[in-house]
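Just so we're clear, the structure is a prediction, and the values are computed from it rather than from any experiment. Proteins come first, then strands; the chains are lettered A, B, ... in the order of their sequence lines, and each starts at number 1.
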Number of protein chains: 2
Amino acid sequence: MDTRLPLYQRIRDDMLARIARGEWRPDKPIPTESALGQEYDVAIGTVRKAVDTLVGDNLLYRSQGRGTFVRRPQFDGALFRFFRQVDAAGHRHVPTSRIIRCELARPPETVRKTLGLDKRSDAVRLDRERIIEADNRIREKIWLPAARFAALVDTPVEDVGNLLYPFYEQAFGEVVASAQETLTIEAAGAEDAACLGIEPGSPVVVIERVARGYDGQPIEYRCSRGRADRFRYQIDIA
Amino acid sequence: MDTRLPLYQRIRDDMLARIARGEWRPDKPIPTESALGQEYDVAIGTVRKAVDTLVGDNLLYRSQGRGTFVRRPQFDGALFRFFRQVDAAGHRHVPTSRIIRCELARPPETVRKTLGLDKRSDAVRLDRERIIEADNRIREKIWLPAARFAALVDTPVEDVGNLLYPFYEQAFGEVVASAQETLTIEAAGAEDAACLGIEPGSPVVVIERVARGYDGQPIEYRCSRGRADRFRYQIDIA
DNA sequence: CAGTGGTCTAGACCACTGT
DNA sequence: CAGTGGTCTAGACCACTGC
């Protein structure tokens, strides 16, 4: 505990650690402000300021009269913001997912480094196809650290739902709290072209994602490919 | 003034309006907290809370011992985040800009609606080429409301610098405070292919941007095109 | 040194929630 | 109704800036 930092920042850091280590779970209330004030032996205003910063960072949310709760991160849908998912009639499609492969394998060098694995360790490889529209699919190659996810290879694919992050939390207690995505364009190879229903050489959008827990440790590496002509991404800059 | 809103929110709204109408200018200090407390006839803590929200939204910044200042928005560089701008030696390139055309013209329907112009009004059309690397250029088509920017067509192009937003502020007092960008991929037409030095049909990244002032009113419509094979975009999701 | 924002406290009162 | 967070106040003391 760095005593040079203001009290409210030290309290903030401690609260963040309690979320990261799972002492406070998503959608569950944290102790009341007066209880925290007593526990940390500070005035309520100081606790409020610490809570304010975490609310500002979207890690907590307040509900007047009920309490303050841990935010459950919700961005499994982030990928779908990238692709048009509205059909001619204006209906939204919820993409379905199909797991093609799930096995222990030796990850490529870049994936190994990204996940922070040592040289000799295997990882769980998960290949998946997602169907946004009849003629618009996404191919995903996913890598997970075997240390935490090895049991996945023995899980029947029926037990894994359409969305992976809720499944990670339910089955392994791993909560994805943030992610970094890198977006590039490349020409489709023969295999991708066949899978995506386009000509070889047609442009393909490649989205690489590293998903991390509250503590910043990498949980998942994911590489998704889809046809570029159905791609649309919108961003607000402030 | 809606008296149902908390005091600090009403003060926040009023301060925002003072920024929007230019009473408080970028990089200039606003009145001290105690002065604002007297002016609004509230306690300093209430002013602090109002200022806190504006600092949180990045519209103000504090400097201890000096004062609180209006943030000068800085995202003219936002476009460059999209394209690789580091050469083989690791040096960063500052793109240069060349204005190709600057005239009054009738804007396309979509541009007219985006800028909120009525049917009969012209707009300033600005075509520009930006050079990121020797073989990587961007073509920009820019539209500006004639009501505020008509004098631009009589301005020598030498007076316009490499960056447009600082010029808008210096010459017209218009400050760009936010923007929305939409990113899609399309096949290069003959003209774009020639300009960008690629084969017709090659993939091109299209970035449409609407730039707005502090008050949310549209200031500029901009459409930029560049070769997709040099494109890279990185985003953090939290 | 005077003046600024930064931190921390203490307490009053209000608005909302669930029982 | 009791308990929660939401608003607002008032004031003490600290740390930094510029003259």
Trainee: Does A:D41 CG have over 12 foreign heavy atoms under 6.0 Å away?
Mentor: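 It does not: A:D41 CG has 12 such atoms or fewer within range.
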Trainee: Just to verify, what does A:A35 make a side-chain contact (heavy atoms from CB on, under 4.5 Å) with, not counting sequence neighbours?
Mentor: A:P31, A:T32
Trainee: How many Å lie between CG on A:D41 and P on C:dC8, as a whole number?
Mentor: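 Rounding to the nearest Å, CG of A:D41 and P of C:dC8 are 13 Å apart.
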Trainee: Given that B:T68 and A:V42 both sit by DNA chain C, which one's nearest nucleotide is further toward the 5' end?
Mentor: B:T68
Trainee: Please determine if B:R225 and B:E140 form a salt bridge, counting it only when a charged side-chain N lies under 4.0 Å from a carboxylate O.
Mentor: no
Trainee: Could you check how far CG of B:D52 sits from C1' of D:dC8, rounded to whole Å?
Mentor: 14 Å
Trainee: Does A:R12 come within less than 4.0 Å of A:D57, counting only side-chain N to carboxylate O?
Mentor: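 Yes, this pair counts.
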Trainee: In which stems does DNA chain C show up, taking only runs of three or more Watson-Crick or G-U wobble pairs whose two distances fall under 3.5 Å?
Mentor: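 The stems that DNA chain C takes part in, listed by first number, are C:1-18 with D:1-18.
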Trainee: Looking only at the side chains, is there a donor atom on one of A:Y8 and A:D52 sitting less than 3.5 Å from an acceptor on the other?
Mentor: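 Result is no, nothing qualifies.
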Trainee: Without hydrogens or angle criteria, can the side chains of B:E220 and B:Y165 be said to hold a donor-acceptor pair below 3.5 Å?
Mentor: yes
Trainee: Just how far is it from atom OG of A:S178 to atom CZ of A:R212, taken to the nearest 0.5 Å?
Mentor: 6.5 Å
Trainee: Figure out the OH/C1' separation between A:Y40 and C:dC8, and round it to whole Å.
Mentor: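 Checked: the OH to C1' distance equals 17 Å.
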Trainee: Keeping A:N162 on the side-chain end and A:T96 on the backbone end, is there a donor-acceptor pair under 3.5 Å?
Mentor: no
Trainee: 5'-most contact on DNA chain C: A:A43 or A:S63, nearest heavy atom basis?
Mentor: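 Closer to the 5' end of DNA chain C: A:A43.
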Trainee: Ion pair present between A:R222 and A:E208, side-chain N to carboxylate O less than 4.0 angstrom?
Mentor: no
Trainee: In Å, rounded to the nearest 0.5 Å, how long is the span from CG of A:L144 to OH of A:Y221?
Mentor: 12.5 Å
Trainee: Is the shortest side-chain N/O distance from B:T46 to OP1 or OP2 of D:dC8 below 4.0 Å?
Mentor: no
Trainee: Would you kindly give the CG-to-C1' distance between B:L54 and C:dG5, to the nearest whole Å?
Mentor: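 It works out to 16 Å between those atoms.
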Trainee: If only side-chain N and O atoms of A:K49 are considered, is one of them under 4.0 Å from the OP1 or OP2 phosphate oxygen of C:dC8?
Mentor: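 No, no such contact exists.
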Trainee: Strictly below 4.0 Å: does A:Y8 bring a side-chain N or O up to OP1 or OP2 of C:dC8?
Mentor: no
Trainee: What residues in residues 28-38 of chain B put a non-hydrogen atom under 4.0 Å from any atom of DNA chain C?
Mentor: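 The stretch gives B:T32, B:E33 as the residues lying under 4.0 Å from the strand, ordered by number.
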Trainee: Could you give the OH-to-C1' distance, from B:Y61 to C:dT4, as a whole number of Å?
Mentor: 15 Å
Trainee: To the nearest Å, give me how far apart CZ (B:R48) and P (D:dG11) are.
Mentor: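 Result: 17 Å.
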Trainee: Using a cut-off of less than 4.0 Å, is there contact between a side-chain N or O of A:R62 and OP1 or OP2 of D:dG6?
Mentor: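 So the side-chain polar atoms of A:R62 do come within 4.0 Å of the phosphate oxygens OP1 or OP2 of D:dG6, strictly under.
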Trainee: Taking only side-chain nitrogens and oxygens of B:R66, does any of them come within less than 4.0 Å of OP1 or OP2 of C:dG5?
Mentor: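 For C:dG5, neither OP1 nor OP2 has a side-chain N or O of B:R66 closer than 4.0 Å.
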Trainee: If you only use heavy atoms from C-beta on, which nucleotide in D:dA15, C:dA10, D:dC8 is closest to the side chain of B:Q64?
Mentor: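 Comparing D:dA15, C:dA10, D:dC8 against the side chain of B:Q64, the answer is D:dA15.
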Trainee: Between atom CD1 in A:I44 and atom P in D:dT7, what is the gap in whole Å?
Mentor: 15 Å
